[in-house]
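Residue numbers begin at 1 in each chain, while the letters A, B, ... track the order of the sequences. All values reported here derive from a predicted model rather than from experimental measurement.
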2 protein chains.
Amino acid sequence: MAKAHDPIFRALADPTRRAIFERLCHDGDQTVAALTAYAGVSQPGVSKHLAVLKQAGLVCDRHEGRQTHYSVQRDALKPLVDWAGQMAGFWEGKLDDLEDLLGRMDQ
Amino acid sequence: MAKAHDPIFRALADPTRRAIFERLCHDGDQTVAALTAYAGVSQPGVSKHLAVLKQAGLVCDRHEGRQTHYSVQRDALKPLVDWAGQMAGFWEGKLDDLEDLLGRMDQ
DNA sequence: CTTATTCATAACTCTTTGGCTATCAATTAA
DNA sequence: TTAATTGATAGCCAAAGAGTTATGAATAAG
């Protein structure tokens, strides 16, 4: 069973990669050059990180001329939140925040 | 910036470790021996995984005689869900901005 | 007291991975 | 056409990490 949350956890475990994802969440659509200027690593490093994020279904890319724009995939974090909800449901410590978030992400 | 969600993401990135955490969520309090019987790795391997989970604040331990019982830490996944909510809030806010813009353009 | 059990730590191996530089294909500008 | 820019890929290397066996400390049992 190759669950959807496994590559997501893997992808978000690295701080550099998570920072790139956070920036995409915060500022929206970005070119590789823009992300490279801000991330503390080389351009090939950024490209590799973006490939991992894309593979995990967290981001999508759009080609425009010679530049590639990356943006957050819609409902990217849903498998993660669903998993957390399942775990929380097990130990019955119902988190109101979680239920609220699940409700908002279901739309 | 050593945020609380960083060690959590790291800890949950490994499938063996995540399986241990899932079992603790599902079945509650477990001894190391019980977890070892079920995980596909050696007892020292399980102990090491449990140390990582504990360090991340995901589980807590309780000593009873010569055995150690592990269980899920209360609100263990809250930093994770909070982070996800924050990320979701970012693109949600963008959507609001867009709706706002669209609304203003209607007039 | 001696032996068995339970778990943690130490020490090691091997794989994965995150970083780099070099380079290439594709596109745009001169 | 030629030169410059953008980003992806290849290849390499060092560090991290997940696994192992061996062993030690603490407790329980005989």
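Using modelled atom types, one side-chain atom of A/D14 and one backbone atom of A/R17 make a donor-acceptor pair closer than 3.5 Å.
Atom CG of B/L12 is separated from atom CZ of B/F21 by 6.0 Å, given to the nearest 0.5 angstrom.
Among the atoms of the strands shown, base atoms are found under 4.0 Å from some heavy atom of B/S47. When heavy atoms are screened at a 4.0 angstrom cut-off, B/T31 is found touching the sugar-phosphate backbone but no base atom.
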Task: nucleotides 14-25 of chain C: protein proximity per nucleotide (B base, S sugar-phosphate only, - neither; heavy atom, under 4.0 Å) - done: ----BBBBB---
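No side-chain heavy atom of A/Y70 sits under 4.5 Å from any side-chain heavy atom of A/D29. You'll find the side chain of B/D6 reaches within 4.5 Å of the side chain of A/R18, heavy atoms only. Side-chain contact between B/V41 and B/T36: absent, with no pair of heavy atoms (C-beta onward) separated by less than 4.5 Å. The shortest side-chain heavy-atom distance between A/W83 and A/K3 does not fall under the 4.5 Å cut-off.
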Open item on the list: As a quick check of understanding, evaluate side chain to side chain contact (heavy atoms under 4.5 Å, CB included) for B/M87 and A/L77, giving each step before the final call.
Closed with: CA-CA 9 Å; B/M87 293 306 117; A/L77 297 176; 3.8 Å; yes
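When DNA chain D is scanned 5' to 3' for any atom under 4.0 Å from a heavy atom of chain B, the first and last hits are D/dA18 to D/dA28.
Considering A/Q67, A/R66, A/R62 in turn, A/R62 is the only one that fulfils the side-chain hydrogen bond (donor to acceptor under 3.5 Å, both in side chains) rule with A/E64.
The CG-P distance, from B/D61 to C/dT9, rounds to 10 Å in whole Å. The NE2 atom of B/H63 sits 12 Å away from the C1' atom of C/dT6 (whole-angstrom rounding). In this structure, the CZ atom of B/R66 is 11 Å from the C1' atom of C/dT3, given to the nearest Å. Rounded to whole angstrom, the span from the CD atom of A/E64 across to the P atom of C/dA26 amounts to 19 Å.
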